[in-house]
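Okay, structure first, notes after.
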Amino acid sequence: MNHRVDEQFAELVRRAAPAARDPMFRLKVLERREHERFRRQSLLLVTLALAVAGVAAAGLSLGPATFDALGVVLFGIVVSAVGFVYAPLLLRRLRLFRS
Amino acid sequence: MDDDDAMLIAAICLGSDPAFNRLIDRHQQAVRTFVRGIVRGPEDADDIAQETFLSAWKHARSFKGSGTARSWLFSIAWRKAMDAHRRWSRGRRRDTAFHETALNDQVVGAAPEDLLTLEQALATLPLDQKAAVMLCLGCGLSHSEAAEALGIPLGTIKSHVLRGRERLRVVFGEKL
């Protein structure tokens with residue numbers, strides 16, 4: 001009796017199941033992944049732009065004596081932000097080549 | 001197959017896109033079928049299934065290799081489905097109309113009447129019983145695999161399946 005119910009249910013699930021391989025589904029997953037990556041990078045770039053603008057404004061208001069230090073700080077911000085965005089990608093590629 | 005899956009996940013940890021594509025191709029049907037059984041509306045279910053694979057990509061390192069990759073994916077899908085269920089429960093009144101029409105709007109990859117019958121068969125079961133029945137009777141997992149995937153004790157899974165089967169017997173008696 002249990003076996004019959006189990007079979008009926010399994011058959012129903014099989015009939016209601018989606019296609020075994022649906023390329024559209026895979027594409028949607030990949031699209032979502034890229035979208036998320038793009039959103040994260042955009043957010044970081046906006047944050048970077050705001051930080052650069054803020055530091056530049058603060059530096060300019062202090063006068064020409066701070067320009068050298070200001071350049072170093074801005075350069076540091078840009079380098080660390082680029083590193084933050086691309087380092088995981090580079091590390092993954094490096095590990096992939098090593099394996 | 002399990003060794004292959006373990007190798008695929010190891011490659012995904014290293015950032016391999018082809019491995020991720022193969023993992024999706026290999027398990028998308030099982031994951032989508034499971035989620036469709038526990039979530040109302042195939043579009044919402046596919047949304048959760050996509051989130052599941054996305055989460056698998058991001059957290060591939062959390063796969064310990066003690067169980068199968070399929071159980072691991074089911075466990076991610078289950079957590080996503082529970083989160084969605086909580087959100088939908090909060091906004092149930094607002095969303096009821098949408099969910100009731102979702103099946104009629106667009107059904108991807110299956111006959112609408114089959115999905116409707118499946119949904120009706122499972123409609124009276126609580127969420128965790130639905131999940132246990134779907135995994136054990138619908139997706140062919142053992143009780144222990146289902147217990148691992150859902151993160152509940154083995155005895156609870158057995159009683160869920162027992163109760164679910166009783167309920168299905170009544171529904172099938174009425175409908176089939």
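Treat the numbers as computed from the prediction; the structure is a model and nothing was measured. All chains are named by letter (A, B, ...) in the order of the sequence lines, taking the proteins before the strands, and each is independently numbered beginning at 1. Basis for what follows: all heavy atoms, side chains included, without hydrogens, waters or symmetry-related copies.
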**Non-hydrogen atoms of A:Ala20 and B:Gln28 that approach each other most closely** = O-NE2, 3.3 Å

**Prompt:** Linking I/L/V/M/F/W/Y whenever any side-chain heavy atoms sit under 4.5 Å apart, do B:Phe34 and B:Val161 land together?
**Reply:** yes

**Asked** Measuring from B:Gln50:CD to A:Arg32:CZ, what's the distance to the nearest 0.5 Å?
**Response** 4.5 Å

**Item:** Close side-chain approach of B:Arg169 to A:Arg4, heavy-atom, < 4.5 Å
**Value:** no

**Message:** Can you tell me which portion of B:Ala30 sits under 4.5 Å from chain A's heavy atoms? Options are side chain, backbone, both or neither.
**Reply:** neither

**A:Asp22 bridged to B:Arg32 by N-O distance under 4.0 Å** = yes

**Request:** Nearest 0.5 Å please: distance from the NZ atom of A:Lys28 over to the CG atom of B:Asp47.
**Result:** 9.5 Å

**Asked** Just wondering, are more than 12 heavy atoms of other shown residues or ligands nearer than 6.0 Å to CZ in B:Arg163?
**Response** no

**Request:** May I ask you to name which of B:Arg165, B:Met134, B:Glu166, B:Glu51 has the most heavy-atom pairs under 4.5 Å with chain A?
**Result:** B:Arg165

**Message:** Under 4.5 Å between side-chain heavy atoms, counting indirect links through other Ile/Leu/Val/Met/Phe/Trp/Tyr residues: same cluster for B:Phe74 and B:Ile12 or not?
**Reply:** yes

**Message:** How long is the straight-line distance from CG of B:Leu168 back to CG of A:Asp6, given to the nearest 0.5 Å?
**Reply:** 8.5 Å

**Prompt:** If contact means a heavy atom pair closer than 4.5 Å, which residues of residues 136-145 of chain B contact chain A?
**Reply:** B:Leu137, B:Gly138

**Asked** Please, which pairs that meet ring pair (Phe, Tyr, Trp, His ring centres under 6.0 Å) have at least one residue in residues 8-52 of chain A, sequence neighbours excluded?
**Response** A:Phe25-B:Phe53

**Prompt:** Ignoring hydrogens and geometry, is there a side-chain-to-backbone donor-acceptor pair from B:Gln29 to A:Pro18 under 3.5 Å?
**Reply:** yes

**Nearest heavy atoms of A:Val29 and B:Ile24, plus distance in Å** = CG1-CD1, 3.8 Å

**Asked** With the 4.5 Å side-chain cut-off for hydrophobic clustering, are B:Leu73 and B:Leu54 part of the same group?
**Response** no

**Asked** Is the number of heavy atoms from other residues, nucleotides or ligands within 6.0 Å of CZ (B:Arg22) greater than 12?
**Response** no

**Message:** Is there a continuous path of hydrophobic side-chain contacts, each under 4.5 Å between heavy atoms, that joins B:Ile76 to B:Leu150?
**Reply:** yes

**Message:** With a 4.5 angstrom heavy-atom cut-off, is it the side chain or the backbone of A:Glu36 that approaches chain B, or both, or neither?
**Reply:** side chain

**Message:** According to a hydrophobic-cluster definition based on side-chain heavy atoms being under 4.5 Å apart (Ile, Leu, Val, Met, Phe, Trp, Tyr only), do A:Ile77 and A:Leu45 belong together?
**Reply:** yes

